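Please read all numbers here as calculations on a predicted model, not as lab measurements. For the numbers below, each heavy atom of this structure counts, side chains included, while hydrogens, waters and symmetry mates do not. Order of listing sets the numbers, starting from 1, for every ligand and every atom in it.
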Amino acid sequence: MKITAILPAYNEEVSIGSVVLHAMQHVDEVLVIDDGSTDRTAEVAKLAGAQVIRHPKNMGKGMALKTGFECVERNGAKVIVTMDSDGQHDPEDIQKLTAPIIKGEADIVNGSRYIGGNGKNTPIYRRIGQNLLDSATNINCGLHITDTQSGFRAFARHTLPAFRFESKGLAIESEMLSDAAKAGLTIKEVEIGVRYDVDGSSENPVSHGFKVMTQVLHDMELNRPLYYFTVPGLVFATTGIFLGLSFLRDFYNGGSLSVGPTMLMIMLTLIGSFMVFTGIILHSMSRLINEGKNVKKADKKTFQVSHAIKKVKSNVGRESS
Ligand SMILES: Nc1nc2c(ncn2[C@@H]2O[C@H](COP(=O)(O)OP(=O)(O)O)[C@@H](O)[C@H]2O)c(=O)[nH]1
Ligand SMILES: [Mg+2]
């Protein structure tokens with residue numbers, strides 16, 4: 001079973017050589033997507049024995065993975081591993097990730113830093129940010145993944161058409177989980193080790209976190225309108241109504257109404273109610289769209305089955321004549 005590893009790399013000349021050499025012990029082919037690096041990442045990767053594809057300029061990790069996945073569409077690999085090239089991941093873990101796919105137990109395997117009490121060496125400020133991203137991604141996808149931002153994953157070949165690769169940058173990890181969940185793929189998690197003693201981040205973790213969160217929320221707008229609009233809408237509207245009631249009580253007791261708080265109360269109630277209804281309407285729309293898709297799928301299956309029956313009948317006919 002052919003296994004290809006895809007390594008997106010941006011200015012990783014220091015680590016890429018050892019990562020490629022080490023990964024090659026566990027896969028059939030290593031594909032490095034050099035994303036417009038200004039250092040010698042591509043040269044070193046080639047010297048170490050990797051296939052290298054270069055983007056003429058930096059386009060982001062999401063685009064690099066897209067290029068990699070397009071390439072494996074053509075190369076016939078049955079299992080695809082994605083891995084960071086900064087040396088934070090341990091290529092020794094590759095077998096743990098590919099085994100469930102080879103055995104047919106999962107469509108996707110996610111390498112997680114946090115199952116089995118692992119990840120104690122993750123700096124605390126990172127862990128807080130990652131917890132937020134994990135919760136948002138899980139709500140968006142309806143999954144229970146313990147490490148949604150992991151770049152160390154394995155995929156069965158048949159999962160390839162599920163991914164849309166819209167996020168160009170680092171939000172791609174969450175997007176791929178969302179796509180996998182929508183396609184009904186089985187995702188398993190296995191424990192991996194991650195190093196923090198190497199220069200492991202190309203971007204400031206705070207701005208990185210914000211960018212990913214924005215993308216996840218944007219995705220959630222359509223996937224989970226009830227969470228995105230209706231829940232906060234209910235909070236706004238309820239606060240508005242409570243404020244209104246308390247103002248009314250003060251008014252009856254002889255107090256006077258001040259303009260600022262009254263306006264705030266009206267705004268909260270109006271905007272809140274609007275959000276509640278927007279969420280409900282979007283939710284119904286997405287259900288209708290999904291039902292439409294299911295009907296189409298069912299039609300396709302019926303067609304395939306009737307086609308197969310016809311084929312069997314004609315074969316039987318031919319044999320008996
Ligand atoms: N292709 C590509 N890869 C990138 C880019 N930025 C980061 N990477 C790679 O993506 C992986 C993870 O990025 P990194 O900055 O280490 O993320 P972090 O460890 O989550 O902070 C590394 O292998 C990087 O080389 C980029 O703009 N393009
Ligand atoms: Mg890193």
Side-chain angles (χ1 to χ4, degrees), residues 5-23 30-45 48 50-72 80-91 93-94 110-114 119 121-134 137 145-153 165-177 192-213 215-216:
I6 299 177
L7 273 61
Y10 181 52
N11 291 341
E12 304 285 12
E13 65 175 5
V14 177
S15 51
I16 192 75
S18 70
V19 176
V20 169
L21 285 166
H22 200 166
V30 176
L31 191 60
V32 171
I33 317 297
D34 172 35
D35 193 31
S37 296
T38 48
D39 66 1
R40 287 167 302 166
T41 297
E43 289 89 326
V44 179
Q51 304 264 9
V52 180
I53 299 180
R54 295 184 82 159
H55 286 170
K57 62 175 178 37
N58 182 242
M59 295 161 90
K61 186 182 185 186
M63 292 301 279
L65 284 179
K66 184 178 184 203
T67 303
F69 273 70
E70 278 167 4
C71 189
V72 286
I80 300 109
V81 176
T82 61
M83 197 176 140
D84 288 356
S85 12
D86 54 6
Q88 283 195 282
H89 293 149
D90 183 357
D93 286 333
I94 289 178
N110 186 50
S112 169
R113 291 164 269 189
Y114 307 118
N121 59 350
T122 310
I124 185 76
Y125 67 95
R126 275 189 166 255
R127 193 63 198 113
I128 295 170
Q130 279 160 357
N131 264 324
L132 288 174
L133 292 178
D134 288 342
T137 306
I145 301 290
T146 62
D147 187 1
T148 59
Q149 301 309 306
S150 170
F152 201 2
R153 292 177 178 158
F165 293 108
E166 263 170 20
S167 303
K168 296 183 174 54
L170 296 165
I172 189 65
E173 319 295 7
S174 286
E175 187 197 286
M176 290 182 85
L177 288 178
I192 53 158
V194 171
R195 287 176 65 166
Y196 283 95
D197 57 339
V198 291
D199 181 13
S201 287
S202 55
E203 202 175 320
N204 171 300
V206 179
S207 77
H208 173 172
F210 268 107
K211 278 187 200 160
V212 177
M213 190 54 112
Q215 284 281 336
V216 174

Which donor-acceptor pairs under 3.5 Å do side chains of residues 64-71 form with protein atoms, sequence neighbours excluded?
residue : atom : partner : partner atom : Å
T67     : OG1  : H55     : NE2          : 2.6
T67     : OG1  : M63     : O            : 3.1

Fill in: Close residues, ligand 1: non-hydrogen atom nearer than 4.0 Å
P8, A9, Y10, E12, D35, N58, G60, K61, A64, D84, S85, D86, Q88, R126, G200, S201, S202, H208

Worksheet item: Distance only, no hydrogens: is a donor on one side chain within 3.5 Å (strictly under) of an acceptor on the other, for N110 and S112?
Response: no

Worksheet entry | Residue pair E175 / S167, side-chain donor-acceptor N/O under 3.5 Å | yes

Worksheet item: Quick one: do the Q149 and S174 side chains pair a donor with an acceptor below 3.5 Å?
Response: yes

Discussion item. Just to verify, which of D35, T38, N11, D34 counts as forming a side chain to side chain donor-acceptor pair (under 3.5 Å) with N58?
Written reply: D35

Worksheet item: Which atoms form the tightest heavy-atom contact between A9 and V32, and what is the distance?
Response: CB-CG1, 4.1 Å

Worksheet entry | Results of salt bridge (Lys or Arg N to Asp or Glu O under 4.0 Å) for E173 - residues two or more places apart only | K61, R153

Discussion item. Is there a side-chain contact between L170 and I172 in this structure, where contact means two heavy atoms from C-beta onward sitting under 4.5 Å apart?
Written reply: no

Worksheet item: Taking the Mg ion (ligand 2) as the centre, how many protein N/O/S atoms fall inside a distance shorter than 2.8 Å?
Response: 3

Worksheet item: Relative to Y196, does R126 satisfy both conditions: NZ or CZ under 6.0 angstrom from the six-membered ring centre, and within 45 degrees of the ring's axis?
Response: no

